[in-house]
Number of protein chains: 2
Amino acid sequence: MSVKTNKAKASATASISAVAEHAGVSIATVSRVLNGTKAVNADTRARVEAAVGALGYRANALARSLMRGETRLLLVLVPDFANPYFAEIVKGVESVTRENGYGLVIAEASQTLSRDSAALDSLYNRMADGVISLARFADLKPLLQEIPDLPWVACSEFVDDSDVPSVSIDHRQAAIDAVQYLLNRGHQRIALLSASEDYRWARQRHAGYEFALRRANIPIEPQLVRVARGTDYVHGMDAAGALLAMEQPPTAVFAVADTLAIGAIKAFRRVGRRVPEDVAVMGFDDIPVAQVFEPALTTIAQPVRELGAAAAQLLLKRLAGGASESLTLDHALIVRASA
Amino acid sequence: MSVKTNKAKASATASISAVAEHAGVSIATVSRVLNGTKAVNADTRARVEAAVGALGYRANALARSLMRGETRLLLVLVPDFANPYFAEIVKGVESVTRENGYGLVIAEASQTLSRDSAALDSLYNRMADGVISLARFADLKPLLQEIPDLPWVACSEFVDDSDVPSVSIDHRQAAIDAVQYLLNRGHQRIALLSASEDYRWARQRHAGYEFALRRANIPIEPQLVRVARGTDYVHGMDAAGALLAMEQPPTAVFAVADTLAIGAIKAFRRVGRRVPEDVAVMGFDDIPVAQVFEPALTTIAQPVRELGAAAAQLLLKRLAGGASESLTLDHALIVRASA
DNA sequence: CTGAAAGCGCTTACAG
DNA sequence: CTGAAAGCGCTTACAG
């Protein structure tokens with residue numbers, strides 16, 4: 001029986017040595033029964049398990065991680081907690097990480113995010129085994145250079161000239177589909193309500209919008225393109241206001257996010273314009289409120305849960321030493337009432 | 001210059017000994033300039049800083065935390081990522097933790113959450129310095145017993161016979177205010193759309209509803225009380241359906257969550273009932289969509305950001321050794337169009 | 001001001 | 001099957 005140095009370590013959680021002492025074995029043995037890593041004699045095991053129970057012992061994750069070289073924690077970078085779209089993706093991520101025994105560290109990756117963020121700083125330093133980023137491309141880029149050796153996976157966003165794999169739908173094609181739908185319904189003056197093009201997806205949806213129009217021989221009218229200052233409902237209202245002021249307003253609006261679409265509809269309604277009779281409005285994302293809102297939103301549905309789940313799987317696979325290739329999932333056009 | 005044992009540690013991040021070697025000092029000195037904990041000679045400091053820069057060194061947070069006895073990580077338990085109400089609270093939490101150099105580990109605390117969750121399991125074991133819980137009281141209770149020595153703070157929920165401080169509005173009083181408002185508008189048949197009473201707040205709002213009715217000498221009609229099977233929009237629709245089937249339906253509905261209220265309105269609309277003309281609907285929370293929805297929601301606003309921020313402050317104060325007393329913040333009745 | 005050494009709580013070859 | 005010991009990468013008395 002070994003001699004313990006610090007016997008009365010206050011009320012603090014029992015350590016492995018306390019368990020060893022209690023069971024009359026070495027800490028190595030305790031470790032073995034805890035991890036099932038090596039055969040242990042039946043009654044030795046029983047004694048250890050009894051000691052664990054008696055002391056309410058739980059291995060200190062910090063020490064364990066330090067030795068194992070992994071924390072089983074994944075960092076998730078989201079641009080905005082409040083956007084339901086991101087929340088759904090996180091749910092997808094969570095579903096697979098939970099199954100695999102990983103925890104999630106979530107940080108809001110705003111523009112201001114940088115090395116001065118002590119929180120993130122601590123994470124970079126081996127607190128997480130890898131990161132899943134939904135952050136704006138513009139925010140992501142500089143971060144990548146700072147923390148080169150952590151495995152990254154981008155979700156919805158991506159970084160072309162890098163080895164960061166990504167999981168996403170084909171934003172450009174989805175936008176083409178949306179605009180084509182509007183064209184098919186006879187619209188010729190179609191406005192684009194875009195989001196900050198710090199988001200790669202915003203840029204790509206914008207490209208899809210222009211492509212679809214050009215393909216239909218409709219000239220791009222710069223005034224019909226409005227960039228919202230955020231993705232909250234109010235930002236959609238504001239941006240739509242500008243459209244309202246035009247002498248020849250659009251007959252249809254393609255918004256790159258449902259939140260923006262809903263904000264726009266609100267703005268239109270306020271001045272007595274009916275949707276879709278006077279203006280058709282298409283959204284993007286198919287967030288939960290899209291179907292209960294009135295008029296219910298015609299929108300592009302992203303397989304959000306799957307997006308998150310796939311990103312998590314990709315990262316886990318990579319952590320397990322596997323190769324990681326990017327993935328493109330399918331989108332779908334959901335026709336409801338707003339367009 | 002000391003001899004390094006493991007020289008070619010692959011590409012892995014530089015360790016403190018690598019920095020020490022590079023700068024020609026001991027690791028103790030490196031630690032001191034890193035932490036500014038003790039005076040260091042100016043040019044020694046310069047040499048160390050140069051080495052840190054050259055090697056791109058960042059302290060290993062795991063080892064550091066193990067020594068310091070703190071991780072500067074806080075665990076946030078949310079019942080549902082998808083509910084905008086919780087998202088806003090998390091934003092409040094994040095604003096203060098970020099300022100204080102703390103990171104957030106977020107886990108979804110569903111009913112199924114238990115010791116089999118490897119993710120949470122690792123957290124309990126000293127991965128987080130404390131926890132802020134928005135979890136259902138019913139889920140929270142058993143967890144508390146498992147991890148007794150972590151400092152907890154409950155937000156919106158609470159645990160009466162424990163030393164867990166909480167930050168919340170007065171849910172019961174808020175419900176009384178809501179129902180009284182409805183009564184003042186002449187309603188007599190007021191339904192309650194409640195949420196799972198695993199949530200303490202649901203139970204309290206329910207109590208407030210009954211109190212207000214009784215105070216007005218209106219008998220409680222059990223059929224007018226419906227418990228939704230969740231807090232998503234669809235759950236509100238479902239629960240409202242039952243109300244619709246009544247021979248003498250209510251003239252007003254008080255929903256304990258905006259999501260539920262919106263779902264109910266949708267259900268009413270589907271069968272041609274107008275809100276608020278045929279049925280008035282009141283919500284609770286004032287989530288972002290409440291004001292853009294049509295009809296805009298009359299609701300009880302909770303100071304969500306403040307709630308989250310206060311919970312974080314309370315926890316931080318406690319971690320700093322301070323005392324922790326519970327806090328009740330003010331709610332507000334927002335009159336818009338739905339009631 | 002600086003270094004050698006102990007120690008945080010674990011895991012894992014290495015012997016036996 | 002089991003233990004003594006080294007080591008993960010740090011921080012911090014203890015000497016000097």
Heavy atoms, side chains only, cut-off 4.5 Å: are [X] and [Y] in contact?
| X | Y | answer |
| --- | --- | --- |
| C155(B) | I89(B) | yes |
| R32(A) | T29(A) | yes |
| N60(B) | I16(B) | no |
| V105(A) | V131(A) | no |
| L73(A) | D129(A) | no |

Return the polar atom pairs (N/O with N/O) between nucleotides 12-16 of chain D and the protein under 3.5 Å, or none.
| residue | atom | partner | partner atom | Å |
| --- | --- | --- | --- | --- |
| dA13(D) | N6 | R32(B) | NH2 | 3.0 |

How close or far is atom [atom2] of [N] from atom [atom1] of [X], stated in whole angstroms?
| X | N | atom1 | atom2 | answer |
| --- | --- | --- | --- | --- |
| L34(A) | dG9(C) | CG | P | 15 Å |
| M127(B) | dC8(C) | CE | P | 19 Å |
| N60(B) | dT11(D) | CG | C1' | 13 Å |
| R58(B) | dG9(D) | CZ | P | 17 Å |

Note to self: Between S156(A) and Y85(A), do the side chains contain a donor N or O and an acceptor N or O under 3.5 Å apart?
What the structure shows: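 Yes, because at least one side-chain N or O of Y85(A) sits under 3.5 Å from a partner of the opposite role on S156(A).
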Next item on the list: Ignoring hydrogens and angles, state whether a donor on the side chain of S168(B) or S166(B) is under 3.5 Å from an acceptor on the partner side chain.
Entry: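 On atom types as modelled, these side chains do not qualify, holding no pair under 3.5 Å.
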Check: Pairs counted as Watson-Crick or G-U wobble with both distances under 3.5 Å: what dot-bracket string results for DNA chain D, using | for bases tied to another strand?
Finding: |||.||||||||.|||
Under 4.0 Å between a side-chain N/O of [X] and OP1 or OP2 of [N], yes or no?
| X | N | result |
| --- | --- | --- |
| N41(A) | dT2(D) | yes |
| R64(A) | dG9(C) | no |
| S65(B) | dC8(C) | no |

Next item on the list: Begin with the C-alpha distance, continue with both residues' side-chain angles, and end with the deciding distance and a verdict on salt bridge (charged side-chain N to carboxylate O under 4.0 Å, His left out) for K317(B) and E325(B).
Entry: CA-CA 10 Å; K317(B) 188 175 159 199; E325(B) 63 283 345; 3.6 Å; yes
Item checked: 5'-most by nearest nucleotide on DNA chain C - L62(A) or S26(B) ->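 That would be S26(B).
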Check: Stepwise, does the salt bridge (charged side-chain N to carboxylate O under 4.0 Å, His left out) test hold for E157(B) with R136(B)?
Finding: CA-CA 7 Å; E157(B) 288 291 276; R136(B) 298 170 190 80; over 6 Å; no
